[in-house]
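Read the structure below first, then the notes.
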Protein chains: 2
Amino acid sequence: MTPITPTAPDRAAASEARKQRIRDAALSLFSQFGLRGASLDAIADQAGVSKTNLLYYFPSKKKLYISVLQQILYTWLEPIRAIDAEQSPEAAISHYIRIKVELSRDHAQASRLFCLEMIQGAPLLKEELQRDLRALVEEKSKVIEGWIASGSLLPVDPHHLIYLLWGTTQHYADFAVQIEAISGKTLADPEFFETTINNIQRIVLGGLLPRSNEA
Amino acid sequence: MTPITPTAPDRAAASEARKQRIRDAALSLFSQFGLRGASLDAIADQAGVSKTNLLYYFPSKKKLYISVLQQILYTWLEPIRAIDAEQSPEAAISHYIRIKVELSRDHAQASRLFCLEMIQGAPLLKEELQRDLRALVEEKSKVIEGWIASGSLLPVDPHHLIYLLWGTTQHYADFAVQIEAISGKTLADPEFFETTINNIQRIVLGGLLPRSNEA
DNA sequence: TTTCGGTTGGACCAAATGGTCTAACCGACT
DNA sequence: AGTCGGTTAGACCATTTGGTCCAACCGAAA
């Protein structure tokens, strides 16, 4: 009943598992050395399969790379999709920051690969960015403008707000080494994790300058 | 009288110029493809010299890479050095943001190379980060704490404030493609440049939430 | 038991790559 | 003119790399 493919059902499952193992290894190496810098030998090695076998599942290096990127992209844009006009701006932004810092902690490699691709000029994602991401950002900008119009948010350019949130939160994944070198802490440390979220929320929502009582 | 080296003086100048041309080409390619991803052939080509000649000036790929990185590092940490206790926090932070966004505009490649190196785990810079950068950040954190103690700044963890400033400003260099895909603008556009600075300053200093008059 | 399609890996290949060797070049000083 | 040290490049090399080919394997259906 279960078999959909002509061969045994667990055959397909095992195959998919293997593919995922390869994708995982690829993510690990691509996120460290980039598309050109990572070799198929190394990826196959880390995945525990032969290079030929890797090329059986993914017909070329580029196809493998794209497959990995594609898998990331969805997860990556999820938090911003969650923003909606029904929430208060405080709740929405607070929540967004938390989710994004969680992503930086749990999917740091994915964040780095995404960053690498951007640095390189996003040769493989540019189109998608221009179409989907742009529309998504436009949509959420409208929400932010609504908040501003209703007086529940101080006036700010929605795009720059979004960039600031992206930049700040991803920084903890992409520059993890730097942060560890300076703070001696990682997001894996629960206390540092909470402090991080807390401080970003405080700065973005409340600002740094005290309301002057003078003048 | 002028000759310091045994050979003619302009000989050394021409030599240094060539070295710089090579470093420039190297920056351009390393910042795009990383240490492994960029080839000496391509670098020599872009610099307009033969590969052998490149290897005459820089005895190995790694040495060249380090030379480029070294040259960046100083420029990169300059803005944070400029922060001092005499300024008002508002002036210091405003100025820092402006300088940093200027760097993102004028030295985007350097920013990206630095980012790449961090992503990779900073194998060549880790030591320096742990020593010099850490000390520098510690010093400036003291300044920020002073501001907080004197009541001219709301309480915030200095480290996280610094990370937020770094992340936000560098984002405009490292993710330039993404920003262009969404906003259709670049920092090269003077209006966009000023809007960027203005918005970051406003969010960081003033915060987003209006002071509630209720309750 | 045979066969068949999906699967696996060792041998192999052409191109690219980091780096060496050697010969020639060139301007300055004798 | 000759030579000397800094400079330049073409030929060459060993290794790595992305990718192909072919032979073998393996579990299930006939």
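In what follows, chains are A, B, ... by sequence order, proteins preceding strands, each numbered from 1. Note that the structure is a prediction, hence the values are computed from the model and not measured.
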Inset, instruction - Identify, residue by residue, the members of residues 18-25 of chain B with a heavy atom below 4.0 Å from DNA chain D, and return them in order of residue number, or none. - result: B:Arg18

Inset, instruction - Using a strict cut-off of less than 4.0 Å between a Lys/Arg side-chain nitrogen and an Asp/Glu carboxylate oxygen, indicate whether A:Arg21 and A:Glu16 qualify as a salt bridge. - result: no

Legend entry - Value in whole Å for how far the P atom of D:dT17 lies from CZ of B:Phe33: 18 Å

Under 3.5 Å donor-acceptor pairs involving side-chain atoms of residues 118-130 of chain A, not counting sequence neighbours:
residue, atom, partner, partner atom, Å
A:Glu128, OE2, A:Gln70, NE2, 3.1

Inset, instruction - May I ask you to verify if any side-chain N or O of A:Tyr56 is less than 4.0 angstrom from the OP1 or OP2 atom of C:dT7? - result: yes

Legend entry - Polar side-chain atom of B:Thr169 near backbone of B:Trp166 as donor-acceptor pair, under 3.5 Å: yes

Inset, instruction - Quick one: label B:Phe58 by what it contacts on the DNA or RNA (base, sugar-phosphate, nothing), any heavy atom closer than 4.0 Å. - result: nothing

Inset, instruction - Could you tell me which residues satisfy ring-ring contact (aromatic ring centres under 6.0 Å, His included) with A:Tyr65, sequence neighbours excluded, listed by chain and number? - result: A:Phe30

Legend entry - All salt bridge (charged side-chain N to carboxylate O under 4.0 Å, His left out) counterparts of A:Asp41, not counting sequence neighbours: A:Lys51

Legend entry - Short N-O contact, A:Arg134 and A:Glu139, less than 4.0 angstrom: no

Legend entry - Distance below 4.0 Å between A:Tyr57 side-chain N/O and C:dT8 OP1 or OP2: yes

Inset, instruction - Going 5' to 3' through nucleotides 10-23 of chain C, assign each nucleotide B (protein heavy atom under 4.0 Å from a base atom), S (under 4.0 Å only from sugar-phosphate atoms) or - (no protein heavy atom that close). - result: B------SBBBB--

Legend entry - Residues in ring-ring contact (aromatic ring centres under 6.0 Å, His included) contact with A:Phe192, at least two apart in sequence or another chain: B:His160

Legend entry - Criterion side-chain hydrogen bond (donor to acceptor under 3.5 Å, both in side chains) on B:Gln170 and B:Ser104, from CA distance to verdict: CA-CA 6 Å; B:Gln170 284 170 214; B:Ser104 283; over 6 Å; no

